[in-house]
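First comes the structure, then the notes that go with it.
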Amino acid sequence: MIEKNGVVLVLSGPSGAGKSSLIHKIDKDIGDYYFSISTTTRSPREGEIEGVHYHFVSKESFVKDIEEDNFLEHAIVHGNYYGTSLRPVREALSEGKLVIFDIDVQGNMAIKNRLGDITTSVFITPPTLSELKHRLENRSTDDKEVIDGRIKVARREIQRTSEYDFIVVNDDLDIAANVLRQIAITARLKIPHDKINEFVQQWEDIE
Ligand code: ADP
Ligand code: 5GP
């Protein structure tokens with residue numbers, strides 16, 4: 001059972017869509033939040049730091065965490081395991097924080113099923129597939145084979161945008177950041193079902 005004083009903001013979208021860049025832009029404007037650091041079996045990219053970008057673990061360690069029920073959700077993306085650890089999310093929610101996830105479409109569905117009443121979800125995408133390819137090539141963090149794989153997954157993921165509350169097209173970074181800033185601020189106003197029921201009961205009692 002998860003105590004739900006906080007709220008959740010799910011960000012999904014193809015690798016290279018600009019999720020990290022956008023979060024970085026709005027970081028100072030959205031109040032106290034906890035960015036969920038996922039655990040993954042993929043190798044660190046150049047510049048990525050253990051415990052900041054991800055917890056990088058072996059497949060054996062990841063599978064052990066699955067068996068011990070330590071994940072809120074987990075999925076295989078681009079052939080690697082990715083998962084959201086339950087404990088820090090539970091803590092952040094009980095402290096009333098906005099909890100931000102950068103997870104894929106499978107993760108979004110899992111979070112929707114478990115925490116749907118406090119979750120706002122956003123699909124972030126560059127304006128076109130060719131722009132996505134261009135950005136991945138410019139980022140220079142992945143080789144051609146990896147980029148091709150990511151493009152393939154992106155074509156599949158874009159078909160599932162209707163599962164999200166909002167779509168943010170990241171064409172101009174400042175404009176997209178403005179939209180995301182408003183969504184993040186509004187996400188805090190979500191009220192869980194049990195709190196609504198409490199309110200209705202109190203409302204009926206007071207005459
Ligand atoms: P993600 O976190 O979704 O994988 P990044 O934030 O790493 O994506 O962005 C991927 C690349 O695209 C980076 O090199 C970034 O500087 C660039 N980028 C992000 N947003 C824009 C934008 N609106 N216009 C042009 N380039 C962008
Ligand atoms: P990348 O390897 O580019 O950092 O991430 C690849 C994909 O995995 C992205 O779509 C990202 O949102 C997703 N991802 C990262 N962490 C998690 C996680 O904990 N769970 C799920 N389901 N997806 C994740």
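All heavy atoms count here, side chains included; hydrogens, waters and symmetry mates do not. Start at 1 with the first residue, then count along the sequence. Note that the coordinates shown come from a computational prediction; the quantities given were computed from them, not determined experimentally. Each ligand, and each atom within it, is numbered from 1 in the order the structure gives.
The shortest separation from a heavy atom of Tyr54 to ligand 2 is under 4.0 Å, placing the residue in contact. Residue Asn138 places no heavy atom under 4.0 Å from ligand 1. For the ligand labelled ligand 1, residue Pro126 lies outside the 4.0 Å heavy-atom shell. Note on ligand 2: Gly83 sits in its first shell, one or more heavy atoms being nearer than 4.0 Å. Contact between Leu22 and ligand 1 is absent, with no heavy atom of the residue lying under 4.0 Å from the ligand. Taking 4.0 Å as the cut-off, His53 does not count as a neighbour of ligand 2 on heavy-atom distance.
In the vicinity of Arg42, heavy-atom distances shorter than 4.0 Å reach the ligand 2 atoms 1 (P), 2 (O), 4 (O). Set against the non-hydrogen atoms of Leu173, the atoms of ligand 1 under 4.0 Å away are 20 (N), 23 (N). Distances below 4.0 Å separate heavy atoms of Ser15 from the following atoms of ligand 2: 3 (O). Proximity to Asp104 (heavy-atom distance under 4.0 Å) selects the following atoms of ligand 2: 10 (O), 12 (O), 13 (C), 21 (C), 22 (N), 23 (N), 24 (C). Residue contact check: Pro14 has heavy atoms under 4.0 Å from atoms 3 (O) of ligand 1. Every atom of ligand 2 with a heavy atom of Gly107 under 4.0 Å away is listed here by number and element: 22 (N). Listed by number with element, the atoms of ligand 1 under 4.0 angstrom from any heavy atom of Ser15 are 4 (O). In summary, the atoms of ligand 2 found under 4.0 Å from a heavy atom of His78, numbered by their order in the structure, are 6 (C).
Looking at Val77 against ligand 2, only its side chain comes within 4.0 Å, counting heavy atoms. Residue His55 does not touch ligand 2, judged by heavy-atom distances below 4.0 Å.
Looking at Lys19 next to ligand 2, no N or O pair under 3.5 Å apart turns up. Looking at ligand 2, you'll find an N or O of Ser38 within less than 3.5 Å of one of its N or O atoms. Distances between N or O atoms of His74 and those of ligand 2 include no value under 3.5 Å. Not one N or O of Ala75 is nearer than 3.5 Å to an N or O of ligand 2, by distance alone. Checking only distances, Asp102 does come within under 3.5 Å of ligand 2, N or O to N or O. When only interatomic distances are considered, the shortest N/O to N/O separation between Thr39 and ligand 2 does not fall below 3.5 Å. When only interatomic distances are considered, the shortest N/O to N/O separation between Asp171 and ligand 1 falls below 3.5 Å. Residue Tyr82 has at least one nitrogen or oxygen atom sitting less than 3.5 Å from a nitrogen or oxygen atom of ligand 2, judged on distance alone. At a 3.5 angstrom cut-off on N or O pairs, Lys19 counts as close to ligand 1. The N/O atoms of Arg139, backbone and side chain alike, include none that comes under 3.5 Å of an N/O atom in ligand 2.
A donor atom on one side chain and an acceptor atom on the other are found under 3.5 Å apart for Asn5 and Lys195. In this model, no donor atom of one side chain and acceptor atom of the other lie less than 3.5 Å apart for Arg135 and Asn138.
Residue Ile185 comes nearest to Asp29 through the heavy atom pair CD1-O, 3.9 Å, listed as atom of the first residue, atom of the second, then distance. The two atoms that bring Asp165 and Ser121 nearest to each other are OD2-N, 2.8 Å, heavy atoms only. The two atoms that bring Arg45 and Ser15 nearest to each other are NH2-OG, 3.7 Å, heavy atoms only. Looking at every heavy atom in both residues, Gln182 comes nearest to Thr186 through O-OG1, 2.7 Å. The two residues Ala17 and Leu132 make their nearest non-hydrogen contact at N-CD1, 4.1 Å.
Expressed to the nearest 0.5 Å, how far CG of Leu11 lies from CZ of Phe35 amounts to 7.0 Å. Note: Met109 CE to Ile111 CD1 = 12.0 Å, rounded to the nearest 0.5 Å. Separation of atoms CD1 (Ile124) and CD1 (Ile167) is listed at 11.5 Å; rounding is to 0.5 Å. Annotation: the span from Ile103 atom CD1 to Thr84 atom OG1 amounts to 5.0 Å, rounded to 0.5 Å.
Hydrophobic clustering places Leu22 together with Tyr34 (ILVMFWY residues linked when any side-chain heavy atoms are closer than 4.5 Å, directly or through intermediates). Cluster membership check: Ile23 does not share its hydrophobic cluster with Tyr82, using side-chain heavy-atom separations under 4.5 Å among Ile, Leu, Val, Met, Phe, Trp and Tyr.
Nearest protein heavy-atom neighbour of atom 8 (O) of ligand 1: Gly18 N, 3.0 Å. When hydrogens are left out, the protein atom nearest atom 20 (N) of ligand 1 is Asn170 ND2, 3.0 Å; that is the closest non-hydrogen contact. Considering only non-hydrogen protein atoms, atom 16 (O) of ligand 1 sits nearest to Ser21 OG, 4.2 Å. Among all protein heavy atoms, the one lying closest to atom 20 (N) of ligand 2 is Glu73 OE2, 2.8 Å. Ser20 OG, 2.6 Å is the protein heavy atom nearest to atom 2 (O) of ligand 1. The protein non-hydrogen atom at the shortest distance from atom 24 (N) of ligand 1 is Arg135 NH2, 3.3 Å. Scanning the protein for heavy atoms near atom 13 (C) of ligand 1, the closest one is Arg139 CD, 4.1 Å.
The main-chain N or O of Asn108 is never found under 3.5 Å from a side-chain atom of Glu73 such that the two would form a donor-acceptor pair.
Between Tyr81 and Ile66 the shortest side-chain heavy-atom distance falls below 4.5 Å. Residues Tyr54 and Arg42 have side chains in contact (heavy-atom distance under 4.5 Å, counting atoms from C-beta outward).
Scanning Ala17, Gly16, Pro127 for the heavy atom closest to atom 4 (O) of ligand 1 points to Gly16.
Around CZ of Arg155, the count of heavy atoms belonging to other residues, nucleotides or ligands within 6.0 Å does not exceed 12. Other residues, nucleotides and ligands place more than 12 heavy atoms under 6.0 Å from the NZ atom of Lys190.
Taking a cutoff of 4.0 Å between a charged side-chain nitrogen and a carboxylate oxygen, Lys144 and Asp148 qualify as a salt bridge.
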